[in-house]
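Below is one structure, written out as structure tokens; the observations come after it.
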Number of protein chains: 2
Amino acid sequence: MVVDGLTDETVDRLFHALADATRRDILRRCVRGELSVSRLAEAYPMSFAAVQKHVTVLERAGLVTKQRCGREQLVRTDPDAVDRARQALDELETAWRSRVDRMSGLLADDAGSDAGSDAGTAAGSGDDKEPTEGQDR
Amino acid sequence: MVVDGLTDETVDRLFHALADATRRDILRRCVRGELSVSRLAEAYPMSFAAVQKHVTVLERAGLVTKQRCGREQLVRTDPDAVDRARQALDELETAWRSRVDRMSGLLADDAGSDAGSDAGTAAGSGDDKEPTEGQDR
DNA sequence: CTAACGTACAACCAAATGGTTGTAGATGGA
DNA sequence: TCCATCTACAACCATTTGGTTGTACGTTAG
């Protein structure tokens with residue numbers, strides 16, 4: 001399932017980090033990268049440590065970076081990270097688009113070229129399920 | 001923070017559902033909507049009940065729908081759902097783009113003045129910060 | 001009718017999450 | 001120097017998650 005260099009784990013961390021309103025809000029705030037963690041923490045009804053943990057989650061997902069500045073740690077959102085998330089969505093869409101295309105190819109059964117030669121695929125007809133990437137029982 | 005009719009909870013569920021490799025795989029498989037839950041379950045190294053739970057998570061996130069067909073329950077991915085996820089990402093990006101724009105507006109305005117003073121604008125004058133709307137969880 | 005299949009759901013468990021408090025190490029300012 | 005601030009991290013707790021098994025129920029095939 002690795003397509004764009006985005007491993008499953010990477011995508012897991014990405015979406016998991018995005019699946020929390022507080023963290024999304026942190027992302028919105030930190031584009032200009034001038035907020036320290038404690039400054040950030042003032043904005044939320046939770047402890048400093050809690051916000052620190054959220055930042056860590058975002059950091060491990062590659063969504064923000066921290067830059068030491070004196071005794072402060074400035075948090076900055078990485079704009080490319082959102083593109084990576086978008087990439088993951090595109091990958092999903094592409095994956096099933098290809099499935100649909102394969103399907104309509106069978107349905108159309110067009111006179112064109114070697115369409116008939118994939119009889120092997122057609123013979124399987126109902127069976128488009130590969131044995132699940134490696135998973136076995 | 002509700003912009004496109006996408007509430008925080010909706011986005012939470014969306015991204016949370018996407019933050020699992022098994023669930024993403026289910027999404028890829030179910031575009032054609034011809035797989036029953038048990039058929040699906042055969043593909044994964046886990047129990048039927050576990051897969052059922054994954055499908056439920058996807059369903060509550062609006063990523064798939066189930067359609068009863070005899071004694072089977074056919075699972076179908078909703079292609080629009082991915083657009084909704086994309087929308088959420090766009091919303092994020094737009095949010096901070098507007099921040100950056102506001103910023104460059106300031107810069108353009110008075111090129112000579114201290115760029116550092118607006119640190120106070122961002123954090124200090126913080127009507128900008130709602131105390132984290134929603135706080136679901 | 002009966003047996004097999006597909007589903008739903010409850011109860012249970014280990015591990016991860018999201019939060020808390022407390023402690024300790026750097027850093028900067030008086 | 002001393003003190004306040006910012007950060008890091010550990011320990012702890014309640015809840016959620018992701019998995020299991022078991023049971024019950026509707027539907028289809030024989």
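In the text below, chain A, chain B and the rest are named by the order of the sequence lines, each starting its count at 1.
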> Within the structure shown, what part of the strands sits under 4.0 Å from A:Ser47 by heavy-atom distance: base, sugar-phosphate, or nothing?
Replying inline: base

Is the phosphate of [N] approached by [X] (side-chain N or O, under 4.0 Å from OP1 or OP2)?
X       : N      : value
A:Arg71 : C:dG25 : no
A:His16 : C:dA16 : no
A:Ser38 : D:dT7  : yes
A:Lys66 : D:dA8  : yes
A:Gln52 : D:dC9  : no

Take atom [atom1] of [X] and atom [atom2] of [N], then tell me their distance rounded to the nearest Å.
X       : N      : atom1 : atom2 : result
B:Gln73 : D:dT28 : CD    : P     : 13 Å
A:Met46 : C:dT17 : CE    : P     : 16 Å
B:Lys53 : C:dA8  : NZ    : C1'   : 12 Å
A:Asp12 : D:dT17 : CG    : P     : 15 Å
A:Arg13 : C:dA16 : CZ    : P     : 14 Å
A:Glu72 : D:dA4  : CD    : P     : 18 Å
B:Ile26 : D:dG19 : CD1   : C1'   : 14 Å
B:Asp20 : D:dG19 : CG    : P     : 6 Å

>> Is it the case that the side chain of B:Thr56 and the backbone of B:Gln52 share a donor-acceptor pair, with hydrogens and angles ignored and the cut-off at 3.5 Å?
In response: yes

Should [X] and [Y] count as side-chain neighbours, where that means a heavy-atom distance under 4.5 Å?
X       : Y       : result
B:Val75 : B:Leu35 : no
B:Leu63 : B:Asp78 : no
A:Leu74 : A:Glu72 : yes
A:Tyr44 : A:Ile26 : yes

>> With nearest nucleotide decided by heavy atoms, which residue, B:Ala49 or A:Ala50, maps closer to the 5′ end of DNA chain C?
In response: B:Ala49

>> Both A:Val57 and A:Gly70 contact DNA chain C. Which one's nearest nucleotide lies toward the 5' end?
In response: A:Val57

> Of the candidate nucleotides D:dT20, D:dA8, D:dA11, which contains the atom at the shortest distance from the side chain of A:Arg68?
Replying inline: D:dA8

